[in-house]
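Beneath this line is the structure, given in structure tokens, with notes to follow.
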Amino acid sequence: MLKIFFTVAVAALCMSTSAMAATFTDRTAFLAASGTASDHTTGNIPRGTTSRAFSNGLTVSTLGPEMASASSFGASDLGIANAILISGVEHLNFQFDTLRFGFGLDIFESTLAGTINGCGTAVCSDSTFTFTFKNGGAVVGSETFNPINDTIAFFGALYANPFDRVEMRETSGTNDNERFGGFVSTMAPVPVPAALPLLLLGLGAVGFVGRRRNGRA
């Protein structure tokens, strides 16, 4: 029993040192946790764009053939102001001019088939996105997100360590339409509380095991 307890304690301690991110699916909660945040906006994006400067030090680029505002594709925003659509698999890069500690965005994934205001294909697929946070070439962390269908879904992450780039990849590899917008980031360091209880648990358990062993010596 003592051996199992010690194993759990060590595992908790390891988790506390590696779990350096807090993720959010609610914009209000993300903004409350981040303290201060900067919105990133831009004007209408014409078709043929592959890289676009946004306000407050953000550049958004695509690995696909082009990106544009929804209206430039003849589509509606579906509730996301200045929504971006991509002509191709939805891969986006977010590059910041200064280090950030948090980033979030809105995603709309439609299950309405066969229309530009839906998924744009005969059969809609369920998309999963991987977000890789980097500082220069070093990976700070990686998160996955599967947005709720037919509604504005929010994904955000706060990190204890800073990053200057976020690479979003559609890991399901499909070519149906989603909309992206509402980009927000924070430059101020923020506490990431999720790791603290595990750290205290791990340290306390290791200390307890140590006392038990000393008492038997």
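Just so it is clear, the model here is predicted, and its values are computed rather than measured.
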Return the minimal non-hydrogen interatomic distance between Asp164 and Gly136, and the atom names on each side. OD1-N, 3.2 Å
Side-chain heavy-atom pair Val184, Arg27 within 4.5 angstrom cut-off: yes
Within a strict 4.5 Å, meaning less than it, do heavy atoms of the Phe183 and Phe103 side chains meet? yes
Give a yes or no on this: more than 12 heavy atoms of other residues, nucleotides or ligands lie within 6.0 Å of atom CG of Leu99. yes
For Met168, does its backbone N or O pair with a side-chain atom of Asn93 as donor and acceptor, under 3.5 Å? no
Does Asp150 reach the main-chain N or O of Thr111 with its side chain, forming a donor-acceptor pair under 3.5 Å? yes
State, yes or no, whether a side-chain contact exists between Asn149 and Asp126 at a heavy-atom distance under 4.5 Å. yes
State whether Arg179 and Asp106 are salt-bridged, where the test is any N-O pair (Lys NZ or Arg NE/NH1/NH2 against Asp/Glu carboxylate O) under 4.0 Å. no
Can you confirm whether Ser127 sits close enough to Glu90 that some side-chain heavy atom of one is under 4.5 Å from a side-chain heavy atom of the other? no
Main-chain N/O of Thr98 paired with Arg100 side-chain donor or acceptor, under 3.5 Å: yes
Ignoring hydrogens and angles, write down the donor-acceptor pairs under 3.5 Å from the side chains of residues 57-69, residues two or more places apart or on other chains.
| unit_1 | atom_1 | unit_2 | atom_2 | d |
| --- | --- | --- | --- | --- |
| Thr62 | OG1 | Gly64 | N | 2.9 |
| Thr62 | OG1 | His91 | O | 3.2 |
| Glu66 | OE1 | Gly48 | N | 2.6 |
| Glu66 | OE2 | Arg47 | NE | 3.3 |
| Glu66 | OE2 | Arg47 | NH2 | 2.6 |
| Ser69 | OG | Asn44 | OD1 | 3.4 |
| Ser69 | OG | Ile45 | N | 2.7 |

Side-chain heavy-atom pair Phe180, Leu92 within 4.5 angstrom cut-off: yes
For Thr171 and Thr128, indicate whether the former's side chain and the latter's backbone hold a donor-acceptor pair under 3.5 Å. yes
Applying the ring pair (Phe, Tyr, Trp, His ring centres under 6.0 Å) criterion to Phe154, which one of Phe145, Phe30, Phe108 satisfies it? Phe30
After noting the C-alpha distance and the side-chain angles of Asn146 and Phe129, does the key distance pass the side chain to side chain contact (heavy atoms under 4.5 Å, CB included) rule? CA-CA 6 Å; Asn146 177 245; Phe129 299 93; over 6 Å; no
Is the ring pair Phe131/Phe133 parallel, tilted or perpendicular, if the boundaries are 30 and 60 degrees? tilted
State whether the side chain of Asp77 and the backbone N or O of Gly79 hold a donor-acceptor pair below 3.5 Å, judged by distance alone. no
Between the side chain of Asn135 and the main-chain N/O of Ala138, is any donor-acceptor distance below 3.5 Å? no
Are the side chain of Ser55 and the backbone of Thr41 linked by a donor-acceptor contact shorter than 3.5 Å? yes
